[in-house]
Amino acid sequence: MERMRSRLTFIIPLTLFIVFVLLYVNFGSWHEAVIVFLALPTSLVGAVWLLYLLDYNMSVAVWVGLIALAGLDAETGVIMLIYLRLSHRRWAEEGRLRNLDDLKAAIYEGSVKRLRPKVMTVVTTMVALLPIMWAPITATGADVMKRMAAPLVGGMVSSFFLELAVYPAIFLIWKGRQFKNKAE
């Protein structure tokens, strides 16, 4: 456990840094890379609560589940951000992005288009992981697999609700600055 802890204190920050650099290269903006990273705490809320409710201690299996959750959450965050960017860009190109209310409507449109893919991601993840969570503890490998699946299940539930609220709000704050600057 001590060896694992010392490795994870090096590997996790390195992995997060590499993911951040890849997001920066992909988007060409550190703002958008930060927005994607801000979704991670929303998924960790559900993961930590479910681990607490199941009375699971931190173990290698739990860390593997948390790392998998971070990857899945970054993926869904990138897709959400792409939908918001596309909607924002289309409204701007059509000349419909004149004030803060127009920006809110563009963000709403982008978020609504993301709702179905987000629901599909959460449902398929749950369908895959709930049998693992319900497996009897006597099943071969169940004790390890349950601890890997728990962070994913809890994190996907909280991520579903919070990501649909947090991303649009952060995007509104970020893009809304242009209208505040024009008003001044």
Side-chain angles (χ1 to χ4, degrees), residues 7-51 54 56 58-90 106-133 144-175:
R7 285 183 184 158
L8 286 176
T9 57
F10 173 72
I11 290 173
I12 289 177
L14 177 66
T15 304
L16 292 175
F17 177 74
I18 290 170
V19 169
F20 185 83
V21 168
L22 290 173
L23 288 170
Y24 175 77
V25 168
N26 181 47
F27 288 120
S29 165
W30 68 271
H31 288 102
E32 293 171 336
V34 168
I35 290 172
V36 171
F37 259 74
L38 288 176
L40 187 59
T42 63
S43 60
L44 289 178
V45 167
V48 169
W49 273 107
L50 187 58
L51 290 171
L54 295 173
Y56 289 166
M58 292 305 286
S59 65
V60 174
V62 169
W63 277 107
V64 168
L66 288 171
I67 291 168
L69 173 64
L72 187 59
D73 200 41
E75 175 191 351
T76 60
V78 165
I79 295 170
M80 175 65 127
L81 189 57
I82 288 171
Y83 275 87
L84 292 173
R85 286 175 67 195
L86 289 173
S87 179
H88 179 267
R89 184 179 301 140
R90 191 177 74 251
I107 291 171
Y108 178 78
E109 180 183 293
S111 299
V112 168
K113 286 184 178 179
R114 178 66 185 115
L115 184 61
R116 185 181 312 155
K118 182 68 176 174
V119 169
M120 290 171 56
T121 302
V122 170
V123 169
T124 56
T125 302
M126 294 297 169
V127 167
L129 294 176
L130 285 179
I132 295 170
M133 293 290 299
V144 174
M145 293 304 291
K146 285 177 177 248
R147 283 164 174 70
M148 277 197 261
L152 284 163
V153 170
M156 290 306 295
V157 170
S158 67
S159 172
F160 174 73
F161 295 109
L162 295 175
E163 191 174 290
L164 291 172
V166 170
Y167 267 106
I170 293 171
F171 196 81
L172 177 65
I173 291 167
W174 178 44
K175 293 293 186 178

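These figures come from a predicted structure and were not determined experimentally.
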Quiz item: Do Leu84 and Ile107 come close enough that some side-chain heavy atom pair is under 4.5 Å?
Solution: yes
Practice problem: Kindly compute the distance separating CD1 (Ile35) from OH (Tyr167), expressed to the nearest 0.5 Å. | Solution: 8.0 Å
Practice problem: Return the minimal non-hydrogen interatomic distance between Ala61 and Val144, and the atom names on each side. | Solution: CB-O, 3.6 Å
Exercise. Identify which one of Asn26, Leu81, Ile82 satisfies the side-chain contact (heavy atoms from CB on, under 4.5 Å) criterion when paired with Glu32.
Key: Leu81
Self-check item: Beyond-backbone contact of Trp30 with Leu23, side-chain heavy atoms, under 4.5 angstrom
Solution: no
Quiz item: Can you name the nearest heavy-atom pair linking Ala106 to Ser87, along with the distance?
Solution: O-OG, 2.5 Å
Practice problem: Decide yes or no for Arg147 and Val64: does some side-chain heavy atom of the first lie under 4.5 Å from some side-chain heavy atom of the second? | Solution: no
Quiz prompt | Residue pair Tyr56 / Leu50, side-chain heavy-atom distance below 4.5 Å | solution = no
Quiz item: So do the side chains of Ile132 and Met148 get within less than 4.5 Å of each other, counting heavy atoms only?
Solution: no
Quiz item: Between Ser43 and Leu69, which heavy-atom pair has the shortest distance, and what is it?
Solution: O-CD2, 3.7 Å
Quiz prompt | Rounded distance [0.5 Å steps], CE in Met58 versus CG in Leu51 | solution = 7.0 Å
Exercise. Of all the heavy-atom pairs spanning Ser158 and Gly46, show the shortest one and how long it is.
Key: OG-N, 3.0 Å
Practice problem: Apply the test side chain to side chain contact (heavy atoms under 4.5 Å, CB included) to residues Met126 and Met156: give CA-CA distance (whole Å), side-chain angles for both, the deciding distance (0.1 Å), then the verdict. | Solution: CA-CA 8 Å; Met126 294 297 169; Met156 290 306 295; 3.8 Å; yes
Quiz item: Hey, does Thr15 have a side-chain heavy atom less than 4.5 Å from the side chain of Ile67?
Solution: no
Quiz prompt | Glu163 versus Pro168, closest heavy-atom pair with distance | solution = O-CD, 3.6 Å
Self-check item: Least distance between heavy atoms, Pro117 atom then Tyr83 atom
Solution: CG-OH, 4.0 Å
Practice problem: Hey, could you give me the CG/CG distance between Leu152 and Leu72, rounded to the nearest 0.5 Å? | Solution: 7.0 Å
Practice problem: Dump the intermediate steps for side chain to side chain contact (heavy atoms under 4.5 Å, CB included) on Thr42 and Phe160, then the final yes or no. | Solution: CA-CA 9 Å; Thr42 63; Phe160 174 73; over 6 Å; no
Quiz item: Would you say the side chain of Leu54 lies within less than 4.5 Å of the side chain of Lys146, judging by non-hydrogen atoms?
Solution: no
Exercise. Answer whether the closest heavy-atom distance between the side chains of Ile18 and Leu22 falls below 4.5 Å.
Key: yes
